[in-house]
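Proteins get letters first, then strands, A, B, ... in listed order; numbering begins at 1 in each.
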Amino acid sequence: MPELPEVETIVRTLKPQIQGKTIRSVRVLLSKAMQYGAERLSLISGARILEVSRRAKLLVVGLGLAAGHKKVLPLARGTQPDMPGLSDLPDCLRDADLLLVFHLKMTGSFFVHPQGAEPLPHTRLVFDLGDAGNLFFDDMRTFGYCRIMLAEELPAWPFWASLGPEPLGMSSERLAAHFAAQFAKKRSSIKSALLDQRIVAGVGNIYADESLFSARIDPRSKAGAVPSERLLALAEALQAVLRQSIEECGSSIRDYRDALGNAGAFQNSFAVYGRKDEPCKVCGYASLQGCKLSGRGTVFCPVCQTHFE
DNA sequence: TCCTCCCTGTTC
DNA sequence: GAACAGGGAGGA
């Protein structure tokens, strides 16, 4: 389940394989995998891949269209730098003619296969890169998607427009202050708040549980009840966990692989995620407790983690 | 603010 | 053969 560190790892491993390459054509093997902009597929033929980047859990590919295709675009080029909703988009992507925006959801993955390779059972999209091979978008559970978008359309996409800040894009003190301001209005649990992409972008089930354990906060605590010094601990813990996971190329549980087919290593550092009924690595308490929050499996140590009500 | 649904492969 | 994995949309 690619969260921020896994998507970041995929960007880093995919980029050197496809940047600068030209897309000859695209095959759509599952129509719902092309969620938006499918009528623009023909424009992509001959497009050059300018950039591969990330925002939240989304992987964004910037394209420069072939000369004959540019004039077909419905909107005039050139974005205002202060356009709301675009402030988190790297400059190199604002300048692209067209964007491919991917959400990998639980099982989306990329792999560059040799030219002419046959699709696999879960291959949903194939980008023919000519001599550079075929880029496969595989997705067993078919929750993932690709959107073909103009940068100008991003602010009108509700999901994009609602995304909160990048947790690694600011100091831990500022992140803590942001948490304090956002959590104060919430009646839900602090874990639900961490998973809320409108509050902070890119955190999923793994890093929510791990950061709350590291900050010694019970995930069932009411978000607004956690004292500010604990929110600083949480901000520091979240950033540390995300940075360490990126360093270790993400967490490989079940099927996650980067764009070179390699597994990450951060799963070996899990303190609580997936360790229900196992002993706490810090206090030795015999069996970590499990519960459901926001419909997500949650694991925590009832001894180490303080409950705030 | 919470629940159900989407989807398929793995585990019990 | 049921339970489980879970991000986000949509509905209660």
Side-chain angles (χ1 to χ4, degrees), chain A residues 1-8 10 29-36 54-60 101-109 119-125 136-147 149 154 156-164 166-167 182-212 219-225 238 242 245 250-257 263-264 266-267 270 272-278 288-300 309:
Chain A
M1 42 232 54
E3 301 180 26
L4 189 157
E6 290 76 29
V7 179
E8 183 65 31
I10 291 170
L29 301 171
L30 179 73
S31 60
K32 77 163 189 170
M34 193 55 78
Q35 187 193 71
Y36 177 92
R54 180 191 64 76
R55 164 76 173 119
K57 300 172 192 171
L58 297 164
L59 185 144
V60 187
V101 184
F102 293 90
H103 199 311
L104 308 183
K105 288 291 182 85
M106 261 70 73
T107 54
S109 66
L120 300 168
H122 301 117
T123 303
R124 311 306 183 194
L125 303 170
F136 283 21
F137 175 62
D138 287 32
D139 182 22
M140 180 183 80
R141 284 165 72 179
T142 75
F143 284 8
Y145 56 78
C146 173
R147 297 169 63 95
M149 302 185 78
L154 289 172
W157 179 22
F159 175 61
W160 180 279
S162 72
L163 288 171
E166 291 286 330
Q182 294 294 314
F183 291 178
K185 326 167 194 168
K186 303 271 298 182
R187 260 196 284 278
S188 62
S189 69
I190 193 162
K191 166 148 180 188
S192 301
L194 272 181
L195 291 175
D196 187 339
Q197 302 296 295
R198 297 170 299 180
I199 293 181
V200 65
V203 179
N205 208 29
I206 294 173
Y207 301 99
D209 275 13
E210 291 297 320
S211 59
L212 286 167
R220 302 167 298 178
S221 301
K222 189 182 154 192
L238 178 62
L242 293 173
S245 183
S251 307
S252 285
I253 47 171
R254 291 176 280 276
D255 9 55
Y256 165 77
R257 291 292 183 276
F266 189 68
Q267 67 279 5
F270 287 165
V272 288
Y273 181 85
R275 298 193 63 247
K276 183 176 179 293
D277 299 331
E278 292 179 35
L288 293 174
Q289 198 170 327
C291 68
K292 274 240 191 297
L293 287 172
S294 293
R296 304 289 169 255
T298 301
V299 185
F300 62 99
E309 195 57 73

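- Set against B:dC2, C:dG8, B:dT8, the side chain of A:Ser188 has B:dC2 as its closest nucleotide.
- Rounded to an integer number of Å, the gap from CG of A:Asp255 to C1' of C:dC4 is 14 Å.
- For the pair A:Ile199 CD1 and B:dT1 C1', the computed distance is 12 Å after rounding to whole Å.
- Heavy atoms of A:Tyr273 sit under 4.0 angstrom from primed sugar atoms or phosphate atoms, though from no base atom.
- The shortest heavy-atom contact between A:Arg187 and A:Lys222 is O-CG, 3.7 Å.
- Between A:Trp157 and A:Gly297, the one whose closest nucleotide on DNA chain C sits nearer the 5' end is A:Gly297.
- Taking atom CE of residue A:Met140 and atom C1' of nucleotide B:dC7, one finds them 8 Å apart after rounding to whole Å.
- Between the CZ atom of A:Arg296 and the C1' atom of B:dT1 there is a distance of 14 Å, given to the nearest Å.
- The side chain of A:His122 contributes an N or O atom lying less than 4.0 Å from OP1 or OP2 of B:dG9.
- For A:His103, a side-chain nitrogen or oxygen approaches OP1 or OP2 of C:dG8 to under 4.0 Å.
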Verdict with supporting geometry, A:Trp160 and A:Met149, side-chain contact (heavy atoms from CB on, under 4.5 Å): CA-CA 12 Å; A:Trp160 180 279; A:Met149 302 185 78; over 6 Å; no
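- Minimum atom distance to the side chain of A:Arg141 is reached by B:dC7, of the listed B:dT1, B:dC7, C:dG7.
- Following rounding to the nearest Å, A:Phe102 (CZ) and C:dG8 (P) show an atom-to-atom distance of 17 Å.
- Checking A:Ser294 against A:Lys191 by side-chain atom types alone, no donor-acceptor pair falls below 3.5 Å.
- Of the residues near DNA chain C, A:Pro158 and A:Met106, the one whose nearest nucleotide (by heavy atom distance) lies more toward the 5' end is A:Met106.
- For C:dG8, the OP1/OP2 oxygens have a side-chain nitrogen or oxygen of A:Gln197 closer than 4.0 Å.
- Atom-to-atom, CG of A:Asn205 to C1' of C:dG7 comes out at 10 Å; the value is rounded to the nearest Å.
- Following rounding to the nearest Å, A:Lys292 (NZ) and B:dC3 (C1') show an atom-to-atom distance of 12 Å.
- If you take CG of A:Leu30 and P of B:dC6, they are 16 Å apart, rounded to a whole angstrom.
- Comparing A:Lys32 and A:Ser192 by the nucleotide of DNA chain B whose heavy atom lies nearest to each, the residue mapping closer to the 5' end is A:Ser192.
- Listed for the A:Gln35 side chain is no donor-acceptor partner under 3.5 Å among the backbone atoms of A:Tyr145.
- A side-chain donor from one of A:Glu6 and A:Tyr207 sits under 3.5 Å from a side-chain acceptor of the other.
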